Novice: 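First the structure, which I've put down as structure tokens, then a few questions once you've had a look.
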Amino acid sequence: LQSDNSKPIEIAADHFSGDQVSQTAVYTGRVEVHQGTLEMHGDRLDLQITPKGYRVGVLTGKLATFKQQRDNPNPKISEWMHAEADKLIYNEEKDTITLINNARLTRTENGVLKDEATGQTIVYDIRNARSVAEGGTAGGERRRVTTVIAPRKQDNSSSSSDTTKLRSSTTLAPANRTK
Amino acid sequence: MRERVSAIVAIILLAFLIGASYFYAVQSGLKDLKYLPSENSPDYTATKLSLTDFDGAGNPVRRVIADKVIHYSDDRTDADHPRYITLTPNKPQVDASSDRGWTHDAGKTIEFEGNVKILRDPAGSTPALSFETQKMTAFPDTERFTSDSPVVFHRGSDSTTASGMDYSYANGTISLTGRVNTHIASRK
């Protein structure tokens, strides 16, 4: 949610080590990061402060995961973004998350998978809810980008975007048919 | 004749007295004399104490202050409200204090107990640091503080709780153990 940014960040882990000189903090062991609805899990988090004072967090794990609720105009729809990869890089200044290696980004509505993107690298722009996926080679294996976008029309009533049903007009005169 | 005999007897008695004194003097050699105070009776105390430590080049490197110090014959020293302040030039000052403190090894390690606080001044772009715990050990020679008691670590507006710490103010590294929880205040 957009309001997540105004929430404090809570980080939990088994161990912390910090270095005042290089301005880095390393959390290891069952790492959890929470900020509002944003939630990340991994094995190790390297947190650094850029010269401009913004935080950059590199979360690694098998797999490092991320999820966050998205604002949806329809209150009945609980829309979530889920991401997982070997490495997640959170950039506070750009408000982006970069997924590297075994990257997978999915969008769900009320728990139902709607869209999915996989690739070598995916950059997800949290602020604008946009993502850019790139292929590449990893371990000598060529990885292509695959994106699956769920069809908009759905049978179940949960979907809000039903197409408008056409009905015969009550005001217009019927067209004259040529014989 | 009678005077002669009594003189001889007197001399003999005197000689015996001198001999006995010499004998006892030898027996109780001064080196064996030992003042054995009770373990709990101090051999000296001091109030409003301020001790400054200098390095080989004559620069002050640390200062220990205490409201009261009690020293015992077994080289144990207890202190009320001890404060340990680093004076290393070009480095941010570190100031550790507590309700009580003691050392059993002539200051190689100093134990702090009760409302222990460590404050490190801000330095360049890094904000001030502080630690709060109930027990802490200072290692002046290696410029380190350790604790295996619950600790709260503050860095600017962020705070982290842990169940143990190891802080080397010489090279600015901090290690916190146990389930660690950090709270980073929101910027907005």
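Below, chain A is the first sequence line, B the second, and so on; all start at residue 1. Side chains are part of it too, since the values below use all heavy atoms of this structure and drop only hydrogens, waters and symmetry mates. These numbers were taken from a predicted model, which means no experiment stands behind them.
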Novice: For residues A/Leu47 and B/Thr182, determine if any side-chain heavy atom of one lies less than 4.5 Å from a side-chain heavy atom of the other.
Specialist: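 Counting from C-beta outward, A/Leu47 and B/Thr182 never come under 4.5 Å.
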Novice: Determine whether A/Leu45 and A/Val58 fall in the same hydrophobic cluster, where Ile, Leu, Val, Met, Phe, Trp and Tyr are linked whenever their side-chain heavy atoms lie under 4.5 Å apart.
Specialist: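 Different clusters: A/Leu45 never reaches A/Val58 through Ile, Leu, Val, Met, Phe, Trp or Tyr contacts under 4.5 Å.
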Novice: Is A/Ile100 linked to A/Met81 within one hydrophobic cluster, defined over Ile, Leu, Val, Met, Phe, Trp and Tyr using a side-chain heavy-atom separation of less than 4.5 Å?
Specialist: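 Unlinked, A/Ile100 and A/Met81 end up in two clusters.
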Novice: What part of B/Asn171 gets within 4.5 angstrom of chain A, counting heavy atoms only: side chain, backbone, both, or neither?
Specialist: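 Contact with chain A: backbone only.
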Novice: Pick one of side chain, backbone, both or neither for B/Phe153, based on which atoms fall under 4.5 Å of a heavy atom in chain A.
Specialist: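 It is the side chain, since no backbone atom gets that close.
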Novice: Tell me, side chain or backbone of B/Ala185 under 4.5 Å from chain A's heavy atoms, or both, or neither?
Specialist: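 The backbone, not the side chain.
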Novice: Does CZ belonging to B/Arg144 count more than 12 external heavy atoms closer than 6.0 Å?
Specialist: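 For B/Arg144, atom CZ is crowded (more than 12 foreign heavy atoms under 6.0 Å).
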Novice: Find out whether A/Asp14 and B/Arg179 are in side-chain contact, i.e. whether some heavy atom of one side chain is under 4.5 Å from a heavy atom of the other.
Specialist: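 A/Asp14 vs B/Arg179: side chains touch.
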Novice: Heavy-atom pairs under 4.5 Å with chain B - which of A/Gly18, A/Ser22, A/Pro51, A/Gly53 has more of them than the others?
Specialist: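 Counting heavy-atom pairs under 4.5 Å, the top option is A/Gly18.
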Novice: Identify which of A/Ala12, A/Pro8, A/Ala13 forms the greatest number of heavy-atom pairs closer than 4.5 Å to chain B.
Specialist: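 Looking at each of A/Ala12, A/Pro8, A/Ala13 in turn, A/Ala13 comes out on top.
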Novice: Taking a hydrophobic cluster as the set of Ile, Leu, Val, Met, Phe, Trp and Tyr residues connected by side-chain heavy atoms closer than 4.5 Å, whether directly or through intermediates, do B/Val94 and B/Phe112 fall within one such cluster?
Specialist: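 Same cluster.
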Novice: May I ask whether A/Leu59 and A/Leu38 are part of the same hydrophobic cluster, defined by side-chain heavy atoms of I, L, V, M, F, W, Y residues being less than 4.5 angstrom apart, directly or through others?
Specialist: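 Yes; tracing contacts between hydrophobic side chains, which count when under 4.5 Å, links both residues.
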Novice: By a 4.5 Å heavy-atom criterion (distance strictly below it), what part of A/Glu10 contacts chain B: side chain, backbone, both, or neither?
Specialist: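 For A/Glu10, heavy atoms of backbone and side chain both lie under 4.5 Å from chain B.
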Novice: Which heavy atom of A/His15 sits nearest to which heavy atom of B/Leu176, and what is that distance?
Specialist: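 Residues A/His15 and B/Leu176, closest heavy atoms: CD2-O, 3.2 Å.
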Novice: Rounded to the nearest 0.5 Å, how far apart are OH of A/Tyr27 and CG of B/Asn181?
Specialist: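 One gets 9.5 Å once the value is rounded to the nearest 0.5 Å.
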Novice: Take atom OH of A/Tyr54 as the centre, draw a 6.0 Å sphere, and report whether it contains more than 12 heavy atoms from other residues, nucleotides or ligands.
Specialist: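 Count not over threshold, so no.
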Novice: What about B/Val180 and B/Ile174, same hydrophobic cluster or not, with Ile/Leu/Val/Met/Phe/Trp/Tyr joined at side-chain heavy-atom distances under 4.5 Å?
Specialist: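 B/Val180 and B/Ile174: one cluster.
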Novice: What option among A/Lys7, A/Gln35, A/Arg30, A/His34 has the most heavy-atom pairs under 4.5 Å with chain B?
Specialist: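 Going by pairs under 4.5 Å, I would pick A/Arg30.
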Novice: Against chain A, work out which of B/Gly178, B/Ala162, B/Ala123 has the most heavy-atom pairs shorter than 4.5 Å and name it.
Specialist: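 Ranked by heavy-atom pairs under 4.5 Å with chain A, first place is B/Gly178.
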Novice: Output the distance between atom CD1 (B/Ile184) and atom CD (A/Glu92), rounded to the nearest 0.5 Å.
Specialist: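 One gets 8.5 Å once the value is rounded to the nearest 0.5 Å.
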